[in-house]
Trainee: 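Questions regarding the structure given below will be posed in turn.
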Amino acid sequence: MGLSELSVWATAPELKSGTGFNRRGKVIALGGNPNVGKSTVFNRLTGMRQHTGNWPGKTVSSAVGRYVYMGESFLLVDIPGMYSFSAGSEEEELARDFICFGSYDAIVMVADATCLERNLILVLKAIEVARNVVVCVNLMDEARKKKIEIDLDKLSHRLGVPVVGTSARSGKGLDRLMEAVYKAAFQDIPEAGDAIRYDLEVEQAVLIVEPRVRELLGDRIKARWAALKLLEGDRPLLAAIERQLGVKLTGDPVVAGALEEARNSLARAGVGEEELKDRIAFRPVKLAEEICKETVTFQDKNYGSLDRKIDKILTSRAFGIPAMLLFLGLIFWITIRGANYPSEALSAALFWLEGKLSAFFMQAGAPLWLHGLLVEGVYRTVAWVVSVMLPPMAIFFPLFTLLEDLGYLPRVAFNLDSFFRRARAHGKQALTMCMGFGCNAVGVMGCRIIDSPRERLIAVLTNNFVPCNGRFPTLFALSAMFFTHGMGARLKTFLSAAILLGIILFSVAVTLGVSRLLSATVLKGLSSSFILELSPYRKPQVGRVILRSVFDRTLFVLGRAVCVAAPAGAVIWILANVRIGCLSLLDHCAGFLDPFAGLMGMDGYILMAFLLAFPANETLLPVVIMSYLTAGSMCELSSLGELRQLFISRGWTFITALNVMLFSLMHFPCSTTCWTIKKETGSFKWTAAAFFLPTAAGVAACIIVALLGRLFGLHRV
Amino acid sequence: MEESLLPLDRLPLGKRARVKKLMSEGALRRRMLDLGLVWDTEVEALQKSPSGDPTAYFIRGAVIALRSEEACKVLVETI
């Protein structure tokens with residue numbers, strides 16, 4: 001989910017001023033409603049690989065990238081999608097401020113051709129505030145499929161700005177878009193009168209206020225628009241004007257006088273405060289409707305009927321939840337089934353290479369400790385991470401992305417909303433939870449789509465309860481080793497998938513339970529309003545999805561894990577080989593943790609591995625394996641069966657495996673996630689809460705399971 | 001005429017109606033207006049979620065899910 005692009009995301013202050021980044025060349029903003037393919041346009045133009053997904057709110061941070069057209073350099077800023085200029089969530093505020101006050105040379109408003117009327121409302125408002133607007137009607141290919149025809153020339157004429165039709169996924173129309181942007185940025189688009197004309201009373205009121213506003217603001221922003229906001233009494237926006245431009249409009253006596261005069265004239269015409277707001281909101285909506293009537297023809301009156309039929313099944317009372325479980329189960333089944341062979345092949349190859357490496361070290365006459373540190377420590381841990389983690393990730397990531405690309409995630413939120421409402425949390429928490437399955441850090445960042453600070457904090461604090469991609473392979477491996485060992489291949493895969501499904505259900509239940517608990521205690525309150533767009537289904541670009549998710553996400557995550565695993569391997573080897581008395585340091589550490597770990601139904605080595613895996617959860621099992629191997633007998637391990645033998649020889653039982661899985665689900669977030677939480681909440685207190693909350697839950701759950709295990713005599717294999 | 005108005009959450013599935021009045025205030029009212037739920041806008045109730053709430057509505061070319069606590073503040077007249 002855009003992980004590899006973290007470094008190119010503009011920070012909020014940069015965006016706010018629009019001056020932070022290198023301003024070489026022209027700056028072009030890219031805005032629009034959520035889920036209209038902005039990121040695809042961005043990627044196509046800049047050649048970058050911002051993660052795309054078919055659901056609103058996916059871009060929570062702004063990406064910047066460059067492209068060159070006609071020898072000129074353009075800096076493109078991808079702004080988070082927004083529904084309106086009256087910002088609800090933090091990301092919408094950021095987007096609005098950039099469109100209103102950012103210093104760009106031109107702005108591209110992307111609209112969805114299959115849903116033009118709705119998109120035009122925002123486009124019209126953008127034309128009202130911004131200069132040099134270019135409208136990009138994207139997804140023309142989808143529209144054609146749905147037999148929707150759009151008269152782009154007429155649309156351009158009606159809007160008074162250039163309009164370009166594109167199908168960004170296939171790259172169609174982007175040349176013309178770049179040309180239009182070039183012209184807008186270098187030659188300025190002449191103002192074609194007012195985008196939105198309001199009714200007479202409102203226009204008269206604007207005329208009273210506008211001149212003085214123009215005197216105060218100059219041409220930094222459009223005075224007509226600022227006058228409208230003054231009349232509306234849009235406080236957050238007036239505050240933003242003061243913050244961004246340093247002008248307190250309401251503090252000016254002349255403005256105040258004009259405002260009063262304007263309000264009086266409105267009152268005489270029978271237009272009260274609420275009525276005025278409604279009229280101002282009404283016009284752009286109505287205008288969008290009128291323009292669409294003139295420019296859009298639906299040849300198929302029942303367009304979208306297939307989507308509705310699919311939704312009738314996928315969100316129905318009878319099949320909604322079962323279908324969701326089926327999809328998830330299917331993904332697990334394919335992952336487990338598919339990861340088996342490459343995993344074994346990889347580990348065989350990597351351990352063959354280890355033999356060669358060892359031989360090389362011997363021949364070169366390298367000291368034993370160097371061989372131990374580099375080959376037995378660093379290399380072996382890295383090899384484990386690669387062979388155990390890579391195959392399931394390389395299968396799970398693309399499958400999950402396909403589901404996301406298809407547009408299924410908003411349906412998940414729709415299906416699960418009532419549960420979140422009962423937990424007094426926000427329905428969109430279902431979306432951030434789903435992002436957490438990919439990466440908790442991304443999930444935490446995604447919580448920006450939630451408007452209410454209380455519910456956002458709940459979503460941030462509980463995101464770590466769902467297992468991320470770094471933890472799935474641990475769960476896969478342990479369930480294969482201890483729950484389904486010795487069964488027939490088919491039954492085994494089926495049962496493993498079922499177990500993982502159970503784990504997910506459990507983690508979702510914990511998320512809901514903890515959310516409810518937080519709502520009842522430290523974060524008291526009721527759930528706020530919930531408005532969710534169920535975006536149209538789109539055919540996923542299978543090839544691209546697979547390519548991108550393997551190269552951008554899987555390899556990136558794996559790279560991070562390897563970076564962590566290498567030093568962790570060295571540390572483990574040193575700990576295992578430096579002795580104090582007759583015991584190694586590792587044994588001392590493990591011994592120290594042992595009593596507590598024992599209470600949790602684990603041993604000291606496992607608990608230590610959890611601590612060492614703080615930078616990356618992927619390294620948990622490899623570190624456990626390493627510490628067992630270096631601390632004890634050496635053996636060649638190439639399959640899960642042999643691994644199972646190793647674990648059993650170290651006293652593992654069914655209960656140990658269960659506890660490791662439980663604690664893996666519920667323990668402190670990895671360092672990246674903690675850092676993200678600190679950044680997002682801006683508070684050490686909440687970061688600490690996010691750290692200790694899952695840990696406490698995990699410790700408690702493990703102790704209970706261990707106790708029950710002993711009680712029922714299940715602690716033997 | 002008020003009696004003929006129906007809260008949107010009580011609009012039967014598959015039925016269409018026109019928005020006649022918004023009862024919500026402040027930020028929520030603003031959000032509803034931004035969705036395009038202005039006077040005389042046509043809406044259609046499409047689908048309830050598995051638990052019966054929220055409900056998906058067809059509004060100005062988009063499918064939007066609203067919880068009944070929000071939808072009940074939109075008064076409509078069935079067509």
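All heavy atoms count here, side chains included; hydrogens, waters and symmetry mates do not. If you're wondering where the values come from, they're calculated on a predicted model, not measured in any experiment. Note on naming: letters A, B, ... go to the chains in the order of the sequence lines (proteins, then strands), and numbering restarts at 1 for each one.
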Trainee: Please indicate whether B/Glu42 has more than 12 foreign heavy atoms, meaning atoms of other residues, nucleotides or ligands, lying under 6.0 Å from its CD.
Mentor: yes

Trainee: Counting heavy-atom pairs under 4.5 Å with chain B, which one of A/Ser418, A/Pro284, A/Gly320 comes out on top?
Mentor: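 Highest number of pairs under 4.5 Å: A/Ser418.
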
Trainee: Count the heavy atoms belonging to other residues, nucleotides or ligands that lie under 6.0 Å from NZ of A/Lys147, then report whether that count exceeds 12.
Mentor: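 Atom NZ in A/Lys147 is not crowded, with 12 or fewer foreign heavy atoms closer than 6.0 Å.
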
Trainee: OG of B/Ser49 to CZ of A/Arg317: how many Å apart, nearest 0.5 Å?
Mentor: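 Output value for this atom pair is 8.5 Å.
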
Trainee: Taking all non-hydrogen atoms of both residues, which atom of A/Phe414 and which atom of B/Thr55 are closest, and how far apart?
Mentor: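 A/Phe414 and B/Thr55 have their closest heavy atoms at CE1-C, 4.0 Å.
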
Trainee: Would a 4.5 Å heavy-atom cut-off, applied to side chains only, mark A/Arg421 and B/Arg67 as touching?
Mentor: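 Yes - at least one pair of side-chain heavy atoms lies under 4.5 Å apart.
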
Trainee: Using a 4.5 Å cut-off on heavy atoms from C-beta on, say whether the side chain of A/Ile531 contacts that of B/Ile64.
Mentor: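 The answer is yes, as the side chains (C-beta and beyond) meet within the 4.5 Å cut-off.
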
Trainee: Can you check whether B/Val63 reaches A/Glu533 side chain to side chain, under 4.5 Å on heavy atoms?
Mentor: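 No. Closest side-chain heavy atoms not under 4.5 Å.
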
Trainee: Which one of B/Leu22, B/Thr41, B/Leu35, B/Leu37 has the most heavy-atom pairs closer than 4.5 Å to chain A?
Mentor: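 Answer, by heavy-atom pair count under 4.5 Å with chain A: B/Leu35.
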
Trainee: Please examine the side chains of A/Lys312 and B/Gln47, heavy atoms only from C-beta on, and report whether any two atoms are closer than 4.5 Å.
Mentor: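 With C-beta onward as the side chain, the pair touches.
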
Trainee: What residue in B/Ser24, B/Gly36, B/Pro54 has the most heavy-atom pairs under 4.5 Å with chain A?
Mentor: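 Top count of heavy-atom pairs under 4.5 Å with chain A: B/Pro54.
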
Trainee: As a test of understanding, state which of B/Lys21, B/Arg30, B/Arg29 forms a salt bridge (Lys or Arg N to Asp or Glu O under 4.0 Å) with A/Glu274.
Mentor: B/Arg29

Trainee: For atom CZ of B/Arg18, decide whether the heavy atoms of other residues, nucleotides or ligands shown that lie under 6.0 angstrom number more than 12.
Mentor: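 Atom CZ in B/Arg18 is packed in, count exceeds 12.
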
Trainee: Heavy-atom distance under 4.5 Å to chain A: side chain of B/Leu46, backbone, both or neither?
Mentor: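 Both backbone and side chain of B/Leu46 come within 4.5 Å of chain A.
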
Trainee: Can you list everything that forms a side chain to side chain contact (heavy atoms under 4.5 Å, CB included) with A/Asp311? Sequence neighbours excluded, please.
Mentor: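 Applying side chain to side chain contact (heavy atoms under 4.5 Å, CB included) to A/Asp311 gives A/Thr315, A/Arg411, A/Tyr537.
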
Trainee: With heavy-atom distances below 4.5 Å as the criterion, would you say the side chains of A/Tyr83 and B/Asp34 are in contact?
Mentor: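 No, every pair of side-chain atoms sits at 4.5 Å or beyond.
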
Trainee: Could you measure the distance from the OG atom of B/Ser51 to the CG atom of A/Asp417? Nearest 0.5 Å is fine.
Mentor: 7.5 Å

Trainee: Where do A/Phe282 and B/Trp39 come nearest, in terms of heavy atoms and distance?
Mentor: CE1-O, 3.7 Å

Trainee: Under 4.5 Å from any heavy atom of chain B, what part of A/Arg422 do you find: side chain, backbone, both or neither?
Mentor: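 The side chain, not the backbone.
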
Trainee: Do A/Asp278 and B/Leu33 have side chains that approach each other closer than 4.5 Å (heavy atoms only, starting at C-beta)?
Mentor: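 Counting from C-beta outward, A/Asp278 and B/Leu33 do come under 4.5 Å.
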
Trainee: Are any of the side-chain nitrogens in A/Lys286 or B/Asp40 under 4.0 Å away from the carboxylate oxygens of its partner?
Mentor: no

Trainee: Looking only at heavy atoms, what is the nearest atom pair of A/Ser316 and B/Pro50, with distance?
Mentor: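 The pair with the smallest heavy-atom distance is O-CG, 3.6 Å.
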
Trainee: Relative to chain B, which of A/Glu117, A/Glu289, A/Arg118 shows the most heavy atom pairs under 4.5 Å?
Mentor: A/Arg118

Trainee: Take B/Glu25 and A/Lys277 through the test salt bridge (charged side-chain N to carboxylate O under 4.0 Å, His left out) and record every step on the way to the result.
Mentor: CA-CA 11 Å; B/Glu25 282 169 13; A/Lys277 282 184 188 172; over 6 Å; no

